[in-house]
Amino acid sequence: MDLGPIDLDITLDCGQAFRWRKSGDVWTGVVKGEIVRLAKRGKAVDVETELSSREIGSYFRIDDDLEDIGRQLDRDSIVRELRERFAGLRLLRQDPWECSASFLLATNANVPRIKKMIESVCVRFGHEVADGLYSFPMPEDITAKEDAAEKCGLGYRCNRFSDFARKGSEGRLDFESWKTMPYEECVKELVRFDGIGDKVADCIALFCLDHLEAFPIDVHIGRTLEERYGVTGSYRNVSRWARERFGRYAGYAQEYLYLSARPRI
DNA sequence: AACCAGGTCTCGA
DNA sequence: TCGAGACCTGGT
């Protein structure tokens, strides 16, 4: 399948999605409850899945105008350089429920631990779609097992996670409307939930709600912006600065900067 | 063994 | 609106 220019290693292991695993040269993941196996074959990608090519295309955002994105990002010389260094990075359009619940857990913990917490949740609440491979549970799967979340090693995130799942099962997570409304309003809605602050709201807006101007600022990005651009201040001020500097695709710029700033794993 | 991690919450100024 | 402290737990 032709997904356009894409580097699977960078795209699937850059911190936007936590559940893709590589074995040999094959990436395996679960999308919409279905197994997806990917391998690079020349310029194309070998895709093995029950999902339609339309669904796969949506997940990999093949509808994005990469030329326009490149033009916008290259106005900044630092990002232009990173775009060459990390050529083939693509943002994903993830499932809103899985993405938001995952980033709810991704607070004040390093990536290995975040992956472990999410995996634990999948094993305990999800469905085994293949040997040892589990789907991310739906809200109902989580609310159905009272107190089971306490055994997932989530720490103080446990109650937030359970509450968020309950909201989901009650149909009170209106992702479609958050996609439609402007970025600022979307974030304003998201931060009302316990456990979702400025940064997590931006991650959700960017990685699953199509708000490409969202610019999540974690500790690494914060340091990078200070070192390379001399920018400091409150989250909202720095965030505004970033959106003005990098434009309507600021989220892509953020991901390049994150790749260069994160500790080597 | 400390320090830190893709932060958020609460509270006081 | 902003900054300071506390905070589960595990990785390095």
Shortest non-hydrogen contact from A/P96 to A/C208? CA-SG, 3.5 Å

Considering only the P atoms, how many Å lie between C/dT12 and B/dG7, rounded to the nearest integer? 16 Å

Between protein and nucleotides 1-5 of chain C, what N or O pairs are separated by less than 3.5 Å?
unit_1, atom_1, unit_2, atom_2, d
C/dC2, OP1, A/S234, OG, 3.2
C/dC2, OP1, A/N237, ND2, 3.1

Can you tell me if A/Y59 and A/D95 form a side-chain donor-acceptor pair at under 3.5 Å? no

A/R240/A/N237 under side chain to side chain donor-acceptor pair (under 3.5 Å): CA gap, chis, key distance, verdict: CA-CA 5 Å; A/R240 192 181 315 113; A/N237 277 323; 3.0 Å; yes

Answer with base, sugar-phosphate or nothing: what part of the nucleic acid does A/F103 contact at a heavy-atom distance below 4.0 Å? nothing

Secondary structure string for DNA chain B (Watson-Crick or G-U under 3.5 angstrom, | for other-strand pairs): .||||.|||||||

Could you give the distance separating B/dC11 and C/dC8 at their P atoms, to the nearest angstrom? 15 Å

I need the CZ-P distance between A/F164 and B/dT8, as an integer number of Å. 13 Å

salt_bridge(A/D64, A/R61) N-O dist < 4.0 Å: yes

Could you tell me the separation between the CG atom of A/D218 and the P atom of B/dT8, rounded to a whole number of Å? 10 Å

Smallest separation among heavy atoms of A/E226 and A/T232, with atom names: CD-CG2, 3.4 Å

Nearest-Å distance, CD1 (A/I114) to P (B/dA5)? 11 Å

Which is more 5' along DNA chain B, the nucleotide nearest A/R160 or the one nearest A/Q16? Just name the residue. A/Q16

Not counting sequence neighbours, which residues clear ring pair (Phe, Tyr, Trp, His ring centres under 6.0 Å) with A/F18? List them please. A/F103

Working note: A/R166 + A/S162, criterion side chain to side chain donor-acceptor pair (under 3.5 Å); need CA distance, chi angles, decisive distance, verdict. CA-CA 6 Å; A/R166 191 170 310 114; A/S162 300; 5.6 Å; no

Counting only heavy atoms and a strict 4.0 angstrom limit, can you tell me which residues of residues 187-211 of chain A come near DNA chain B? A/F193, A/D194, A/G195, A/I196, A/G197, A/D198, A/K199, A/V200

Does A/C14 reach a base, just sugar-phosphate, or nothing at all? Heavy atoms under 4.0 Å. base

Can you label the angle between the A/W97 ring and the A/F164 ring as parallel, tilted or perpendicular, going by 30° and 60°? parallel

Electrostatic pair A/R248-A/D68, nearest N-O below 4.0 angstrom: yes

Are A/R262 and A/D218 close enough for a salt bridge, meaning some N to O gap below 4.0 Å? no

When rounded to the nearest 0.5 angstrom, what distance separates CD in A/E48 from CE in A/M1? 14.5 Å

I'd like to know if the side chain of A/E140 pairs up with that of A/T143 as donor and acceptor (distance under 3.5 Å, no hydrogens or angles considered). no

Identify each atom pair where a protein N or O and an N or O of nucleotides 7-11 of chain C are less than 3.5 Å apart, giving names and distance.
unit_1, atom_1, unit_2, atom_2, d
C/dC8, O2, A/R157, NH1, 2.8
C/dC8, N3, A/R157, NH2, 3.3
C/dC8, N4, A/N108, O, 3.4
C/dC8, N4, A/N108, ND2, 3.1
C/dT9, O4', A/R113, NH2, 3.1
C/dT9, O2, A/R113, NH1, 2.5
C/dG11, OP1, A/K116, NZ, 2.4
C/dG11, O4', A/N110, ND2, 3.0

So what does A/E255 touch, heavy atoms closer than 4.0 Å: a base, only the sugar-phosphate, or nothing? base

Listed by chain and number, what are the ring pair (Phe, Tyr, Trp, His ring centres under 6.0 Å) partners of A/Y229, not counting sequence neighbours? A/W241, A/F246

Using every non-hydrogen atom in the two residues, find where A/P216 and A/L206 come nearest and quote the distance to one decimal. CD-CD2, 3.9 Å

